[in-house]
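Positions are given from 1, in the same order as the sequence printed here.
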Amino acid sequence: MFINMKLGAKFPFIIILTAIGILFSLLISERAWHRYFCPYGTLMSIVSRKYSKGIKIDPDKCTSCGLCQRVCPTEGIDKSENGFKIIKNECLDCSLCKTNCPVNAIN
């Protein structure tokens, strides 16, 4: 739009934005989108650093099956020596890990 206003040239911005969107969807994986490019993910990452509440894994209930780690769109779950742990600033609070946990160890 800036180019249109200054130069008077008319570029088909809707077509260009649609093409960029199609290229993004073909070339970038879902995990990369959520982790690096998604504006909602960036906003939630900033907000989650301020608050201590969030999704947590109960180590007593966890069977270390790894399903939560596989379904997380941001790779926000890390395996440690005590089991799995949610990385607070990577979590989007989408609850995919919680709904897929077979033993309800995530609250």
Taking C-beta and beyond as the side chain, do [X] and [Y] meet within less than 4.5 Å on heavy atoms?
X	Y	result
C62	V103	no
I57	I86	yes
L67	C101	no

Minimal heavy-atom distance between S64 and F84, with the atoms involved, is CA-CE1, 3.6 Å

For N82 and P59 the tightest heavy-atom approach is O-CB, 4.3 Å

With sequence neighbours excluded, give me every side chain to side chain donor-acceptor pair (under 3.5 Å) pair touching residues 71-81.
-> R35-E75

Only pairs at least two apart or in different chains count here, so list each side chain to side chain donor-acceptor pair (under 3.5 Å) that has a residue in residues 94-107.
-> none

Side chain to side chain contact (heavy atoms under 4.5 Å, CB included) assessment of I87 paired with I77 = CA-CA 6 Å; I87 305 167; I77 300 176; over 6 Å; no

Cluster overlap I28 with I20, hydrophobic side-chain contacts below 4.5 Å = yes

Flag yes if more than 12 heavy atoms outside I16 fall under 6.0 Å of its CD1 atom; otherwise flag no.
-> yes

Residue pairs passing the salt bridge (Lys or Arg N to Asp or Glu O under 4.0 Å) test where at least one lies in residues 57-68, sequence neighbours excluded | none

